[in-house]
Amino acid sequence: MNEKYIPSEVEAKWQKEWAKENSFATEINRQRPEYYVLEMFPYPSGKLHMGHVRNYSIGDVVARHKKMQGYNVMHPMGWDAFGMPAENAAIKHGVHPADWTWDNIDNMRRQQQELGLAYDWDREIATCHVEYYKWTQWMFLLFYNKGLAYKKKAAVNWCTECNTVLANEQVVDGHCWRCDSVVVKKELEQWFFKITQYADRLLEDLQELKGWPERVKTMQENWIGRSTGAEFSFVVPEIQEKIAVYTTRQDTVFGVSYVVLAPEHPLVDKLIAGKEQEEAVRRFIDRVKDLSEISRTSTETEKEGVFTGGYAVNPFTGEQVPIWVANYVLMEYGTGAVMGVPAHDQRDWEFATKYHLPKRLVIQAPDNGLSIDTITCAYDGPGVMVNSSDFNGMDNEACKEAICLWMEERNIGKRRVNYRLRDWLVSRQRYWGAPIPMIYCDTCGVVPVPKEDLPVMLPKNVSFSAGSVSPLAKVEEFVNCTCPKCGGAARRETDTMDTFICSSWYYFRYTDPRNTSQPFDSAKANYWMPVDQYIGGVEHAILHLLYARFFTKVLKDAGLINIGEPFKNLLTQGMVIKDGAKMSKSKGNVVSPEEIIAKYGADTARLFILFAAPPERDLEWSDQGVEGAYRFFGRLWRIVDHYAACAASAEAEYDVNSLDKQERELRRVLHVTIGKVSEALGERFSFNTAISSIMELVNAMYAFKEHGTQVNSGVIREVISALLRLLAPFAPHITEELWHETIGQGSVHEQSWPEFDAEAVKVDETEIVLQINGKVRDKIIVPVGLGAAELEAKAFEQEKVKEFVAGKTVVKVICVPQKLVNIVIK
RNA sequence: GCGGUCGUGGCGGAACGGCAGACGCGCUAGCCUCAGGAGCUAGUGGGAGCAAUCUCGUGGUGGUUCAAAUCCACUCGACCGCACCA
């Protein structure tokens with residue numbers, strides 16, 4: 001065995017070997033429990049970054065550990081390969097997006113292999129492959145046929161840099177999630193998926209997700225934004241129209257002093273036509289529309305509005321109230337119109353104060369302390385109804401219900417549930433995506449491409465230039481087609497799909513990646529799904545993770561699968577940070593995985609990343625920490641080298657009773673370690689503590705080595721065998737090499753997980769802490785299993801205890817066997 | 001404003017309510033060495049003391065408990081998400 005640890009030699013050697021064996025290919029096997037571990041597949045940007053390394057290292061440990069535990073593990077990898085950067089590269093450098101993408105995939109796959117990641121490469125997929133996007137198109141048709149895909153004209157988010165529309169989820173603080181440039185509103189006709197139809201189930205089923213971080217569930221909950229209230233209408237007699245309003249505070253209807261419309265509200269025109277206010281209202285609306293989305297919806301922005309000149313009738317009181325238009329009312333939420341109750345809504349309060357609109361108190365606080373003349377802000381607490389006709393005296397919460405009944409009886413309104421969630425805008429005016437399989441025919445209208453005609457191939461010969469027209473629109477051969485219904489001349493849809501559609505079902509495709517007749521076989525999907533452990537960044541909390549849940553529910557309803565949630569357990573890994581900031585080119589603080597692997601090897605890179613912080617927390621990069629991980633492997637190598645011959649020559653079976661004290665102690669530490677590592681890799685995924693206990697075991701081996709030359713080779717073999725198996729999921733290469741140098745047969749990765757021997761960790765004596773009034777004053781060594789009474793007696797025999805107790809009264813004695821004695825004195 | 005997460009040595013981080021600081025980094029000393037930015041061994045929270053030992057210490061203030069980093073209340077700070085959502 002080589003005396004020195006040379007990672008490059010060891011790693012190259014085993015990577016070659018593993019590739020030859022295709023060791024991580026999996027098939028359905030009903031003899032063993034299945035386990036599906038998945039890392040979010042990457043966009044093939046060209047190179048792996050440390051975030052990827054962290055993501056895949058975590059997944060790899062889980063996969064390898066579960067396999068050693070006897071699970072039938074599926075651990076696949078693939079490519080989220082459609083998307084903007086490929087197209088930008090085409091515009092900038094004249095490379096075709098397809099060539100650019102496939103080259104990048106090759107490079108990143110090579111890097112993953114250099115990390116020693118245990119993937120089933122037979123299942124590799126790429127969403128830009130025609131055999132994949134054919135089924136993405138099939139999915140689109142499924143949604144269309146279920147009435148879940150539709151086209152509508154709406155004010156949509158437009159990224160000026162990407163030259164395409166974006167879904168609401170993809171706009172972050174008014175900026176594009178990918179390129180960070182400002183997003184503007186544009187009135188366009190676009191394709192949508194009806195995710196709002198699933199809003200309730202997406203919300204309710206969050207409760208099922210016991211294995212998801214609270215944070216992610218809350219974010220989804222916020223995003224869906226369910227609220228319950230009522231909808232009813234104010235009649236506007238002069239134009240014979242009704243203004244519907246949505247409110248969660250139907251208990252305050254008697255306090256309405258005005259109605260406000262969003263500037264975009266369709267009734268505004270009719271209402272102001274011919275009035276003296278018309279000019280002023282139009283000027284106001286034009287000004288508000290010019291404001292960016294961010295400033296328009298900011299809480300900082302001052303509430304502004306204008307009177308329309310019109311009046312509406314409050315159906316509860318018969319009163320006429322003025323109708324205003326104001327910037328703080330959003331057309332997209334509720335009905336685009338709200339009732340103004342200044343006394344009980346802070347926004348209305350501010351608005352009414354500014355424009356001298358009347359305020360009426362309709363809920364009195366429990367202490368009777370509210371008077372409309374003295375309060376200085378809206379009261380939104382609980383209380384008793386006042387100034388509310390028949391509802392006076394009622395508790396306001398109960399009143400909410402009573403008002404609903406009253407409305408429903410008279411048929412003037414109803415209960416309503418509202419969501420913040422909007423439908424998912426799925427069309428994109430870009431080339432590098434899956435073409436939307438729709439055809440426009442002058443005679444037949446919108447016609448879906450028949451499933452048997454799929455795929456709608458993405459043409460290769462396209463000219464790329466920056467601009468707002470989808471490149472596909474300029475490809476005559478693509479656009480012109482025949483109508484599948486009437487056979488007449490027709491045009492293809494030239495938009496492609498949001499790449500989040502591609503990534504919404506890829507985890508199903510892994511279960512049956514080469515199927516040519518359907519997206520996947522249901523039996524296979526049902527065998528593997530749901531994903532037992534999903535791992536990825538938290539940035540997808542309400543993007544990919546919400547879309548994927550939506551897709552899963554639709555596929556379930558379509559009878560394709562029998563599960564309602566795709567990801568049983570979710571681990572959101574933290575970012576990799578350097579000098580306090582996320583690694584990024586612009587900050588110049590990037591450490592490339594390539595560099596680290598070349599210098600220290602993949603095992604070191606993996607070990608450092610897993611050891612430096614718990615997986616869900618941010619990880620501060622430390623070059624010295626990397627050195628430390630490397631040093632540990634050197635230490636491991638030398639100690640195993642020292643005992644290699646001894647271990648290799650030993651029999652696997654030996655008499656545990658023949659061990660001397662030091663050997664017993666070493667064996668005890670081994671089994672303590674097995675226990676700790678097993679526990680740490682169980683539910684908790686605290687890889688850092690798992691590694692620290694393995695380090696302690698190695699330290700114990702060095703301590704043992706100090707003690708002499710005569711050793712029982714059996715225990716040495718047991719220790720090395722178990723040590724290498726414990727470490728194998730973290731550092732696959734070095735453990736494989738050392739395994740072959742010592743234990744020998746087969747691959748360490750084909751071995752079973754070490755078994756914990758409870759007998760081995762038993763000790764004869766244990767240390768007991770003696771406390772006086774909760775403070776540690778002494779420690780004694782006592783035989784294990786000493787009862788409380790004996791322990792107490794022993795404690796009082798101690799000189800130190802006697803000193804403390806002398807002249808005092810013993811109030812109480814607490815004995816925790818095996819742990820401590822606490823004597824309370826006064 | 002609403003919701004979530006989190007505050008522990010010089011640093012990354014450990015601690016089923018039971019010895020705070022495991023493990024690693026850094027630092028110090030000794031050994032080994034021609035040498036070492038290699039390796040091995042030992043030490044390493046602050047303060048006091050020659051020492052045994054004492055004392056303070058997990059953002060802050062209270063509380064529960066024999067016992068609190070851990071549980072509860074309030075508070076301060078950091079980060080994240082949503083935010084004029086009616």
Side-chain angles (χ1 to χ4, degrees), chain A residues 4 172-173 213-227 229 231 245-250 252 260 262 296-304 326-330 332-341 344-348 350-351 418-421 538-539 541-542 577 607-608 611-614 616-629 631-632 634-635 638 676 679 686 688-696 698-699 702-703 705-706 767-779 800 811-816 818-825:
Chain A
K4 208 162 171 275
V172 183
D173 287 332
E214 211 49 49
R215 176 155 82 122
V216 175
K217 287 192 277 187
T218 315
M219 281 165 76
Q220 292 212 356
E221 216 175 291
N222 283 345
W223 190 261
I224 294 166
R226 182 188 145 107
S227 75
E231 183 179 322
V245 297
Y246 169 74
T247 182
T248 56
R249 293 302 306 273
Q250 61 273 22
T252 64
V260 204
R296 168 83 189 276
T297 58
S298 159
T299 33
E300 315 282 292
T301 311
E302 196 179 342
K303 287 155 195 51
E304 276 191 278
N327 61 349
Y328 74 95
V329 179
L330 307 172
E332 302 88 61
Y333 188 77
T335 59
V338 299
M339 59 183 209
V341 185
H344 303 288
D345 182 291
Q346 187 55 27
R347 290 159 304 183
D348 298 345
E350 287 167 27
F351 193 75
N418 222 340
Y419 300 93
R420 217 184 61 88
L421 181 73
V538 75
E539 66 272 16
I542 40 177
I577 301 269
L607 192 83
F608 164 71
F611 178 62
E616 57 301 330
R617 230 185 288 181
D618 284 350
L619 181 155
E620 174 75 32
W621 184 266
S622 155
D623 291 330
Q624 285 166 331
V626 177
E627 291 275 355
R631 209 146 47 211
F632 167 73
R635 223 167 127 73
R638 286 188 300 275
K676 280 190 187 167
E679 202 200 323
S686 56
N688 54 334
T689 58
I691 293 166
S692 80
S693 39
I694 294 172
M695 286 172 167
E696 284 180 281
V698 170
N699 291 345
Y702 274 87
K705 187 181 142 199
E706 293 282 293
E767 193 181 61
I768 300 291
V769 171
L770 301 184
Q771 294 183 331
I772 310 289
N773 286 344
K775 285 189 173 157
V776 181
R777 294 301 178 184
D778 203 2
K779 291 168 187 178
K800 292 214 61 165
V811 181
K812 198 172 182 181
V813 180
I814 290 99
C815 274
V816 184
Q818 317 303 320
K819 280 227 174 82
L820 64 79
V821 178
N822 187 13
I823 301 165
V824 186
I825 56 173

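Below, read A as the first sequence line, B as the second, and so on, with proteins coming before strands; counting in each chain starts at 1.
Proximity of Arg420(A) to the phosphate of C82(B): no side-chain N or O atom is located under 4.0 Å from OP1 or OP2. Between Tyr702(A) and the phosphate of C40(B), there is a side-chain N or O to OP1/OP2 separation shorter than 4.0 Å. The shortest distance between the side-chain N/O atoms of Lys800(A) and the OP1/OP2 oxygens of C54(B) is below 4.0 Å. For the OP1/OP2 pair of C84(B) and a distance below 4.0 Å, the side-chain nitrogens and oxygens of Asn327(A) include no atom meeting the criterion. Applying the 4.0 Å criterion to OP1 and OP2 of C25(B), one finds that Arg631(A) has a side-chain N or O inside that range. Distances shown here put every side-chain N or O of Tyr246(A) at or beyond 4.0 Å from the OP1 or OP2 atom of A86(B). Between Arg638(A) and A38(B) there is no side-chain N or O to OP1 or OP2 distance below 4.0 Å.
Within 4.0 Å of Lys775(A), counting heavy atoms only, lie sugar-phosphate atoms of the nucleic acid but no base atom. Backbone-only engagement by Glu696(A) is indicated by non-hydrogen atom pairs under 4.0 Å involving sugar-phosphate atoms exclusively. When heavy atoms are screened at a 4.0 angstrom cut-off, Asn822(A) is found touching base atoms of the nucleic acid.
Which of G81(B), G24(B), G13(B) sits closest to the side chain of Ile542(A) comes down to G81(B). Taking the side chain of Phe611(A) as heavy atoms from C-beta on, and the options G81(B), C54(B), G24(B), the nearest nucleotide is G24(B). Listed candidates were U41(B), C82(B), G24(B). Nearest to the side chain of Arg635(A) is U41(B). When each of A67(B), A15(B), C84(B) is scored by its nearest atom to the side-chain atoms of Thr689(A), the top-ranked nucleotide is A15(B). Which of U41(B), C84(B), C19(B) sits closest to the side chain of Val769(A) comes down to C19(B). Considering only side-chain atoms of Arg617(A), the nucleotide from A20(B), C23(B), A14(B) that sits closest is A14(B). Nearest to the side chain of Asn699(A), among C23(B), C25(B), C85(B), sits C23(B).
Counting atom types as modelled, Asn222(A) pairs no side-chain N or O with a base atom of C82(B) as donor and acceptor under 3.5 Å. Donor-acceptor pairing under 3.5 Å, judged by distance alone, is present between the side chain of Glu767(A) and the base of C19(B).
Counting only heavy atoms from C-beta outward, the side chains of Leu770(A) and Arg777(A) never approach each other to under 4.5 Å.
With no hydrogens or angles considered, no side-chain donor-acceptor pair links Ser227(A) and Tyr419(A) at under 3.5 Å.
Position along RNA chain B of the nearest nucleotide to Lys779(A) versus Val824(A) favours Lys779(A) as the more 5'-ward residue. For the pair Glu627(A) and Thr218(A), nearest-nucleotide mapping onto RNA chain B gives the more 5' position to Thr218(A).
Nucleotide C84(B) holds its P atom 16 Å from the CD atom of Glu304(A), rounded to whole Å. Rounding to whole angstrom units, CD1 of residue Ile825(A) and P of A67(B) are separated by 13 Å.
Base orientation of G10(B): anti, the glycosidic angle falling outside 90° of 0.
Of all non-hydrogen atoms in Gly340(A) and Asp348(A), the two that sit nearest each other are CA-OD2, 3.5 Å.
Base-pair partner of C50(B): not found among the strands shown (Watson-Crick or G-U wobble, both distances under 3.5 Å).
Relative to the six-membered ring of Tyr702(A), Arg635(A) meets both conditions, a distance below 6.0 Å and an angle of at most 45° to the axis.
Only one option out of Val824(A), Asn822(A), Ile814(A) pairs with Gln771(A) in a side-chain contact (heavy atoms from CB on, under 4.5 Å); it is Asn822(A).
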